[in-house]
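Order of listing sets the numbers, starting from 1, for every ligand and every atom in it.
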Amino acid sequence: MFHIARFKAEPFPLEMHKVRVVQKLNLLPIDERLQAIQEAGNNTFLLRNRDVFLDMLTDSGTNAMSDRQIASMSIADDSYAGSETFFRLEKALQDFFGMKFFLPAHQGRACEHILAKVFVKPDDIVPMNYHFTTTKAHIMECKGSVEECFFDKAIIPESDNPFKGDMDIEKLKALIDRVGKDRIPFVRLEMGTNLIGGQPVSLKNIEEVGAFCRQNKIMLVIDASLLSDNLFFIKTREPQAKNMSIHEIVLAIAKTADIIYFSGRKLGSARGGGIVTPHKELFDQMKNLIPLFEGFLTYGGMSVREMEALAIGIEETLDIDMISQGPEFIAAFGQMLQKNGIPVITPFGGLGLHLNARAFIPHVKSEEYPAGALAAAIFIVSGARGMERGTISETRNADGSEHPASMELVRLALPRRVFTLSQITFIADRLNWLFENRHLIGGLHFVEEPKVMRFFIGRLEENGDWQERLRAKFVEDFGAEAL
Ligand code: F0G
């Protein structure tokens, strides 16, 4: 895609696939969109999909499958134990990662559950480049905690640093000196760092962290859920990888790790998850928990049809046309917004476009949840649903006070190969309108607040009546009939 010659056209991403199955979409009138988001407690997770025009909530389980993936499902071997499908998936993963042992699980967080249960003891600390919501929740369930060792540059919203996801080894060393190795069950390195804007980790940093862990005899666990975007960025941004094949990059990453786990809802564009390791002892420590929590060792809670699709999807991750589509569409989307001065996270990452809500609506304080408020406003004016990735996604401090997130982001995910450039142009146009009218956006407050992972099912209400004022301005500018 990125290497295609153009005559006069400005660079634009080009699809190296064609659409063969479609799903009809609805764009509701603004009155109904307003009603839908209010009924959903201003939480985009609680919207019904029939009320959503462009579902940019996540790329999890929503990537478009290839014809080969769909076709593979028809040969799935349905048996509780010893299914041929399992052996095909196992072989695909062995080839892909160059690791011998594979444990299936029903999704990424199920792998995190197993890892936390086996390795994390009370008072343990798990260092990581950045936390992910479900990872941290599972570690905390086992009475451990998380310590992030990112470079300060990671959370500067607008930057030209190509690898904001890198781990700061000096911080890791300082942590070990402070608490001692015995309290560190493993170091976790997350590819395509989700919560700071899908930002990649460089191969150089992965290798350095790997060498450091080996020297210090600490286990290195890699979360490869967002590996496909990270591979694209290593290939295109990192000089040392320029002449490496995608597979050589995967193998170089895998060589550093003791355990790799992933969400098959992201990596492999299907649904499921898995843990791989080259070490028999580690495999043996974990394997007994699979039948207890997931399902028998040869399906781990996944449907065999999805396992077949996952095996093909993993193999297709080695195709640059496949892995470039997401990042290139995200960059094209981001450039449309940047032209109008909309604050976005740069460099553009993987997974989705990330808006900097703190800069978009600086008049809304962290305690009023700017990212949540902006996500609700975007739905009202466009029918697109994004996801809050800010203070609502954090956990309150032990004393009950708010823990303001280091970044207030709204993520507009671009599931791979799903949306067209015209749909992206539509949402960019609505965001431009919203940015001009941003003074109308106000804050939110909780009316129902679950203790654990409140962002999933918590309910909020607007502070004051800003949503009605936003609706009225939209109707004034676009006309009462406009969608
Ligand atoms: N690790 C990372 C980096 C993830 O992004 C996710 C999921 C998981 C683990 C958990 O995997 O959903 O299969 O249980 N991220 C989703 C998202 C929820 O929308 O970003 P899962």
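Assignment of Arg411 to the shell around ligand 1 is supported, since a heavy atom sits closer than 4.0 Å. Ligand 1 is approached by Met387 to a heavy-atom distance shorter than 4.0 Å.
In terms of N/O distances under 3.5 Å, ligand 1 is approached by Asn194. Between Arg188 and ligand 1, not a single N/O pair is under 3.5 Å apart. Note: no N/O pair closer than 3.5 Å links Tyr261 and ligand 1 by distance alone. At a 3.5 angstrom cut-off on N or O pairs, Arg389 does not count as close to ligand 1.
Aromatic rings of Phe53 and Phe426 (six-membered ring for Trp) have centroids within the 6.0 Å cut-off, being under it.
Checking Glu112, His138, Glu190, Arg109 against atom 9 (C) of ligand 1, the nearest heavy atom belongs to Glu112.
Close approach of ligand 1 to Thr134 is summarised as follows: ligand atoms under 4.0 Å from at least one heavy atom of the residue are 10 (C). Distances below 4.0 Å separate heavy atoms of Asp223 from the following atoms of ligand 1: 1 (N), 2 (C), 3 (C), 9 (C). Interface of Gly108 with ligand 1, defined as ligand atoms under 4.0 Å from a residue heavy atom, comprises 11 (O), 13 (O), 14 (O), 21 (P). The Thr58 neighbourhood of ligand 1 comprises atoms 17 (C), 19 (O), with distances under 4.0 Å to a heavy atom of that residue.
For the pair Arg389 and Phe455, the distance from NZ or CZ to the six-membered ring centre is under 6.0 Å and the angle to the ring normal is within 45 degrees. For the pair Lys153 and Phe151, the cation sits on the ring face: its NZ or CZ lies under 6.0 Å from the ring centre, inside 45° of the axis.
Pairing each heavy atom of Leu310 with each of Gly268, the nearest pair is CD1-CA, 3.9 Å.
A donor-acceptor distance shorter than 3.5 angstrom exists from the side chain of Thr193 to the backbone of Gln199, with no hydrogens or angles considered. Side chain of Glu90 to main chain of Phe101: no donor-acceptor pair is present (N/O by atom type, distance under 3.5 Å, no hydrogens or angles).
Considering Phe87, Tyr80, Phe86, Phe102 as possible partners of Tyr299, the one that fulfils the ring pair (Phe, Tyr, Trp, His ring centres under 6.0 Å) test is Tyr80.
Taking the six-membered ring for Trp and thresholds of 30 and 60 degrees, Phe293 and His113 have ring planes more than 60 degrees apart, a perpendicular arrangement. Ring pair Phe456/Phe45 is perpendicular by interplanar angle, where above 60° counts as perpendicular and below 30° as parallel.
Nearest to atom 17 (C) of ligand 1 among the protein's heavy atoms is Lys266 NZ, 3.2 Å. Closest to atom 13 (O) of ligand 1, if we only count protein heavy atoms, is Ser263 OG, 2.6 Å.
Neither the backbone nor the side chain of His106 has any atom closer than 4.0 Å to an atom of ligand 1 (non-hydrogen atoms only).
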